[in-house]
Structure formats: C-alpha cells, structure tokens
Amino acid sequence: MKEQATIVVMLGAPGTGKGTQAVLLAERLGIPHISTGDLFREHLAAETPLGIEAATYMNKGELVPDEITITMLNARLEEDDCENGVVLDGYPRTLVQALALESYLDSIDEELTMVANLAVPEVLIVKRLSGRWMSKSGNVYHAEYNPPKRKWFDDEDGSPLYQREDDKAETVLNRLKIYEAQTLPLIDHFREEGKLVEFNGVGEINDINDEIFEALQ
Ligand code: AMP
C-alpha cells in the first residue's frame with residue numbers, strides 16, 4: 001500500500017446496511033471493497049478447501065476461526081489493487097482480528113483512517129435480513145424495501161434470485177447474538193483509539209453514504 005492510503009473499516013451488526021454502504025463508499029473513493037463474507041462465498045462457489053471449511057461455520061451463523069480469516073484477508077490486502085487503500089466490510093469481527101489488522105498496517109507504516117459504525121434497531125435488522133434476496137452477480141434486493149421488477153429475478157441479467165442460507169430467521173438471531181458477544185467489544189476498542197465514528201443506519205442509503213464520505217474528508 002502507498003503512503004496515506006485510505007483504510008476504512010465498516011462496522012455494524014448483520015443487516016445494518018454496512019455492505020451496501022461499503023460498496024458505495026469504495027466506488028466513490030476508487031478503492032476496492034473487501035468483504036470477508038464475499039471472499040468466503042467465492043471460495044465456497046469454487047469449492048476450495050478453505051471455502052468448504054468456512055461453510056461449516058457460516059451455515060450455522062458462527063464465525064470462521066480467526067486464523068483462517070486473518071490469513072485470507074492479509075493475502076487479499078497484499079494484492080496490487082489495494083495500493084491506495086480499501087474499504088473493509090465484515091472485517092475485523094473479533095478483537096484478535098482487529099489487533100492482527102492493526103499490527104499488519106503498522107508493519108507497512110499505515111494506520112486505519114476511520115472505523116464507521118452503523119447503528120440500526122434490532123427489530124428492523126431481523127426484518128431487513130429475512131426479506132433479503134441476492135443475485136448471483138451480487139445485486140441485493142429486499143422483498144419490501146427494494147423489490148426486483150419481476151419476482152424473483154435479477155433486474156439486470158434476469159437470473160433467478162436466491163436467499164442466503166444464513167438469512168433464515170433462526171440463524172439471523174444466532175448471528176446477532178454472536179455479533180453482540182464478539183464484535184461489540186471492537187466498538188469500545190476503536191473508540192478508545194479515537195478511530196470510531198458513529199452513524200445512524202436508518203434512512204436513505206445515499207444520505208447515509210454522504211455522511212460517511214464527508215466524515216472522511
Ligand atoms: P457476512 O457476509 O459478512 O454476513 O458474513 C457471512 C459469514 O461469513 C459470517 O456469518 C461468518 O460465518 C463468516 N465471516 C465473514 N467475515 C468473517 C470474519 N471477519 N470472521 C469470521 N467469520 C467471518
């Protein structure tokens with residue numbers, strides 16, 4: 001990575017819209033959006049050993065072990081397109097991962113630019129996730145808030161949409177429990193380091209993105 005790369009971490013429970021915001025922000029900044037969940041799903045689609053192992057945790061809504069996740073992410077950060085920075089989505093999710101990220105950045109004379117935390121009430125989160133539909137190409141729809149033009153097919157390429165295995169109601173509740181136990185401590189950690197900026201995740205997608213973008217300027 002170059003000096004003064006922009007390294008943003010998007011924090012927030014599943015369903016707060018952090019993925020949507022991370023994609024938009026990365027586009028505006030002209031840097032890659034890196035989602036560890038997407039990386040695991042790509043590995044699974046390609047049936048790599050890493051993907052098959054990760055799926056055993058993902059399908060239960062559990063976190064993939066730190067060692068596997070950290071190794072995969074650090075390898076991704078070393079790719080050329082990360083030169084000017086990255087928007088990280090879904091990483092770090094544990095204190096161990098946060099410390100690993102900071103020590104990696106330290107080793108290349110970089111530091112986190114900002115940790116954006118999106119807050120959304122839990123009742124809304126469950127509603128958002130259980131109505132979520134995805135396309136193979138990565139478009140995200142919602143049965144109520146953002147329905148496709150034709151039920152349940154992608155607007156762009158007409159391919160059938162699917163629901164994520166881990167978006168089922170009981171798995172969603174488990175993911176939220178795990179988030180509280182493992183990821184909430186990160187908020188305190190980044191707050192203590194003066195890196196945390198909090199955003200309200202309820203509202204117009206573009207308005208929320210403007211706020212995050214402006215906070216970076
Ligand atoms: P996501 O797409 O971010 O909701 O992630 C889907 C699933 O991938 C999670 O429920 C975890 O099983 C796994 N996963 C994604 N990111 C991480 C991470 N940083 N650490 C451990 N597991 C992860």
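In this text the structure is predicted, and so the values were computed from the model without any measurement. These values consider heavy atoms only, across backbone and side chains, with no hydrogens, waters or symmetry-generated copies. Just follow the structure's listing: the first ligand is 1, and inside any ligand the first atom is 1.
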Handout entry: For Glu211, all residues meeting salt bridge (Lys or Arg N to Asp or Glu O under 4.0 Å), sequence neighbours excluded
Key =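 Applying salt bridge (Lys or Arg N to Asp or Glu O under 4.0 Å) to Glu211 gives none.
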
Practice task
Decide whether the shortest distance between a heavy atom of Lys60 and an atom of ligand 1 is less than 4.0 Å.
Solution key: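 Distance cut 4.0 Å: Lys60 fails for ligand 1.
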
Check whether more than 12 heavy atoms from other residues, nucleotides or ligands sit under 6.0 Å from atom [atom1] of [X], and answer yes or no.
| X | atom1 | value |
| --- | --- | --- |
| Glu79 | CD | yes |
| Glu193 | CD | yes |
| Ile205 | CD1 | no |

Distance from [atom] to nearest protein heavy atom, with residue and atom:
| atom | answer |
| --- | --- |
| atom 22 (N) of ligand 1 | Val64 N, 3.0 Å |
| atom 4 (O) of ligand 1 | Arg164 NH2, 3.1 Å |
| atom 5 (O) of ligand 1 | Arg93 NH2, 3.4 Å |
| atom 2 (O) of ligand 1 | Arg41 NH2, 2.8 Å |
| atom 23 (C) of ligand 1 | Phe40 CE1, 3.7 Å |
| atom 20 (N) of ligand 1 | Gln97 NE2, 2.9 Å |
| atom 17 (C) of ligand 1 | Thr36 OG1, 3.6 Å |
| atom 11 (C) of ligand 1 | Glu62 O, 3.5 Å |

Handout entry: For Tyr91, the ligand 1 atoms whose distance to one of its heavy atoms is below 4.0 Å
Key =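 Those atoms are 19 (N).
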
Problem - Contacting atoms of ligand 1, where contact means under 4.0 angstrom from a heavy atom of Gly37 - result: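 Ligand 1 atoms under the 4.0 Å threshold to Gly37: 2 (O), 5 (O), 15 (C), 16 (N).
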
Would you tell me whether [X] and [Y] have side-chain atoms, one donor and one acceptor, within less than 3.5 Å of each other?
| X | Y | value |
| --- | --- | --- |
| His189 | Glu102 | yes |
| Glu165 | Asn59 | no |
| Asp154 | Ser159 | no |

Exercise for the section: Please confirm whether Tyr57 comes within less than 3.5 Å of ligand 1 when only nitrogen or oxygen atoms on both sides are compared. Expected result: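 No, there is no polar N/O contact under 3.5 Å.
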
Handout entry: Audit row: Arg76, Asp81, salt bridge (charged side-chain N to carboxylate O under 4.0 Å, His left out) steps and yes/no
Key = CA-CA 9 Å; Arg76 178 67 186 86; Asp81 63 337; 2.8 Å; yes

